[in-house]
Amino acid sequence: MKLRPDEITSILRQQIEQYDVETDLAEVGTVLQLGDGIARVYGLESCVSMEMIELEHGVTGLAFNLEEDNVGAALFGDWEQVKEGEPVRRTGRVGDVPVGDALIGRIIDPLGNPLDGGGPIESSERRPLEFKAPGVIDRQPVKEPLQTGIKAIDSMTNVGRGQRELIIGDRSTGKTAILVDTILNQRGQDMICIYVAIGQKASTVAQVYELLKDAGAMEYTIIVMASAAEAAPIKWMAPYAGAAIGEYFMFDGRHAVCMYDDLSKHADAYRQMSLLLRRPPGREAFPGDVFYLHSRLLERACKLSDELGGGSLTALPVIETQAGDISAYIPTNVISITDGQIFLQSDLFFSGVRPAVNVGTSVSRVGSSAQTKAMKKVAGRLRLELAQYRELEAFSQFGSELDPETQKALARGERMVATLNQPQYDPWPMQEQVVAIYAGINGFLDDIPVPDVPRFQQELRENLRSEGAVIKEIAETGDLPDELAERLNKEIERFKERFHVADEEAAPAP
């Protein structure tokens with residue numbers, strides 16, 4: 001059988017057309033220098049900032065410094081095994097993290113690996129660690145309240161959905177306790193909570209996890225953990241991973257709150273990385289862009305416009321001060337970025353005021369626009385009365401004779417401080433907070449001994465719950481009109497008569 005030349009030609013042409021060689025082009029560089037979790041890599045000319053790179057032994061890196069002849073990268077994983085001269089490959093993707101509903105109820109590290117022993121996280125979606133914050137046109141004003149369940153905060157330094165409210169104070173003044181109470185209070189509020197632990201002891205985070213799990217709060221909570229034992233790059237990455245996870249819910253039209261505990265340790269980790277990368281140090285050895293480090297993170301929290309779905313991401317950053325100095329470098333930076341701060345003072349804490357909120361220094365720049373009408377009505381006078389009480393308290397220590405008006409203001413202030421005191425892990429619903437503060441500012445507590453005020457408020461709360469109608473109406477309408485206030489007055493007076501009787505019966509016979 002003879003093959004004609006034109007047949008051979010057509011077969012060859014067909015073979016050539018169908019021939020497909022799989023080419024694998026990868027840009028490969030070499031490790032020049034290695035130490036302290038930082039690698040200098042030669043040969044990655046097209047590498048972009050924040051790009052993930054792959055090294056040997058399963059180690060990954062993040063390109064930070066793009067210099068003329070080398071790339072400075074922070075390494076994640078067992079970097080001690082990497083040797084100089086080993087190959088480094090580009091991945092072609094910037095640092096990102098898995099996001100989505102699969103993360104709810106889990107503890108993860110900033111790279112998205114599970115830390116709770118609960119099996120792999122099945123999530124198809126990823127979001128970049130760094131993402132440009134929505135612009136002015138894409139946002140709307142903060143006007144929906146985010147209830148923390150803490151009377152002192154919801155009444156005076158209230159937080160709105162999409163706000164950035166700083167919690168600042170010394171060590172052991174109850175900063176994490178406020179975050180945990182806020183998470184507990186989000187049950188049934190259509191809110192996803194992301195708790196980012198930066199440089200915390202692993203045992204502390206385990207305690208928080210157990211507490212949230214026992215209360216059923218892990219059903220809507222994600223914990224991102226970069227423990228104290230982790231290297232600086234992991235700690236640097238943690239809050240950005242938290243923000244990326246929160247943004248997924250925000251752009252999905254849902255509501256999320258991201259808590260960064262705490263950004264002081266985050267700034268310290270960034271300083272360590274920057275000095276190792278030989279970036280020039282500035283004030284307190286922090287690099288010059290330490291302000292931008294936090295501003296680009298916290299600007300991502302906002303309330304989106306209705307056209308974009310109306311979702312929100314609220315940020316509650318924490319800063320630890322040294323000896324109450326809120327004018328130090330990092331505290332002033334973060335105060336200037338956020339929409340207000342809750343300042344916890346150690347001497348108030350040790351004198352038994354819990355939460356130890358300093359009314360004079362704490363402020364919410366969103367103000368009453370993110371409060372319910374009922375809370376606005378009762379909380380308007382509260383801040384003023386408490387500030388006056390603190391002034392008069394200092395004055396009264398001189399032991400001079402006080403006129404009746406001053407004595408009355410001091411007595412009222414003492415009772416309001418007792419009303420705002422609140423045990424840990426016991427958040428109050430908005431309507432019960434309104435009733436407690438209403439009773440205080442309208443003089444119902446003036447003749448109740450100060451030690452009995454917490455018991456009075458607790459029993460009044462239980463009594464109104466059983467009575468039901470007034471509390472229910474405040475909860476449904478979010479308002480306290482004059483007619484409802486009259487009914488509330490009668491209920492409190494009726495309860496007060498019974499309270500005194502119970503008090504006298506309980507007292508021992510003389």
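For the atom pair CZ (Phe76) and CG (Asn113), the distance works out to 11.5 Å, reported to the nearest 0.5 Å. Taken to the nearest 0.5 Å, the CG atom of Leu75 stands 6.5 Å off from the CD1 atom of Ile38. One finds the CD1 atom of Ile153 at 4.0 Å from the CD1 atom of Ile342 (value rounded to the nearest 0.5 Å). If you take CG on Leu348 and CG on Asn358, they are separated by 6.0 Å, rounding to the nearest 0.5 Å. Atom CG of Leu480 and atom NZ of Lys377 lie 6.0 Å apart (nearest 0.5 Å). One finds the CE atom of Met375 at 9.0 Å from the CG atom of Leu382 (value rounded to the nearest 0.5 Å).
Within the 4.5 Å cutoff, side-chain heavy atoms of Leu275 are placed close to those of Pro281. With a 4.5 Å cut-off on side-chain heavy atoms, Pro427 and Gln147 do not count as touching. Counting heavy atoms from C-beta on, the side chains of Ile198 and Pro239 come closer than 4.5 Å. Side-chain contact check for Phe131 versus Glu247: some heavy-atom pair is nearer than 4.5 Å.
Not one N or O on the side chain of Ser368 forms a donor-acceptor pair closer than 3.5 Å with the backbone of Lys376. Judged purely by atom type and a 3.5 angstrom limit, Thr314 uses its side chain to pair as donor or acceptor with the backbone of Gly162. Between the side chain of Lys151 and the main chain of Gly149, no donor-acceptor pair closer than 3.5 Å is present. The main-chain N or O of Thr361 is found under 3.5 Å from a side-chain atom of Gln341 such that the two form a donor-acceptor pair. Side chain of Asp181 to main chain of Tyr425: a donor-acceptor pair is present (N/O by atom type, distance under 3.5 Å, no hydrogens or angles). Side chain of Arg106 to main chain of Gly118: a donor-acceptor pair is present (N/O by atom type, distance under 3.5 Å, no hydrogens or angles). Within the 3.5 Å criterion, the main-chain N or O of Val359 finds no donor-acceptor partner in the side chain of Ser362. A donor-acceptor contact shorter than 3.5 Å links the side chain of Arg381 to the backbone of Ile441. Although no hydrogens or angles enter the test, the distance criterion places no donor-acceptor pair under 3.5 Å between the side chain of Asn65 and the main chain of Glu67. Without hydrogens or angle criteria, Gln433 side chain to Trp428 main chain gives a donor-acceptor distance under 3.5 Å.
Each salt bridge (Lys or Arg N to Asp or Glu O under 4.0 Å) pair with one or both residues in residues 304-323, not counting sequence neighbours, would appear here, but there are none.
Salt bridge status for Arg271 with Glu284: absent, with no side-chain N to carboxylate O gap under 4.0 Å. The residues Asp268 and Lys265 are annotated as not salt-bridged, no charged nitrogen and carboxylate oxygen being separated by less than 4.0 angstrom. Note on Arg164 versus Glu299: salt bridge recorded, some NZ/NE/NH1/NH2 to OD/OE distance being below 4.0 Å. Residues Arg254 and Asp101 are paired through a salt bridge, judged by an N-O separation under 4.0 Å between the basic side chain and the carboxylate.
Shown here is Tyr329, whose OH atom has more than 12 heavy atoms of other residues, nucleotides or ligands within 6.0 Å. Heavy atoms from other residues, nucleotides or ligands lying under 6.0 Å from CZ of Arg365 number more than 12. Within 6.0 Å of the CD atom in Glu80, the count of heavy atoms belonging to other residues, nucleotides or ligands exceeds 12. The number of heavy-atom neighbours closer than 6.0 Å to CZ of Arg171, taken from other residues, nucleotides and ligands shown, is 12 or below. Atom NZ of Lys143 has more than 12 heavy atoms from other residues, nucleotides or ligands within 6.0 Å.
Residue Glu51 comes nearest to Thr91 through the heavy atom pair OE2-N, 3.5 Å, listed as atom of the first residue, atom of the second, then distance.
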Residue pair Asp154, Met430: steps toward the side-chain contact (heavy atoms from CB on, under 4.5 Å) verdict
CA-CA 8 Å; Asp154 288 346; Met430 178 275 297; over 6 Å; no

Show, in sequence, the C-alpha distance, side-chain angles and deciding distance for Ser49 and Glu130, and conclude whether the side chain to side chain donor-acceptor pair (under 3.5 Å) test is met.
CA-CA 11 Å; Ser49 180; Glu130 299 267 13; over 6 Å; no

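A donor atom on one side chain and an acceptor atom on the other are not found under 3.5 Å apart for Thr148 and Asn185.
Between Tyr220 and His255, the ring center distance fails the sub-6.0 Å criterion.
Ring orientation note: the planes of Trp236 and Phe64 are nearly perpendicular, at an angle over 60° on the 30°/60° scale.
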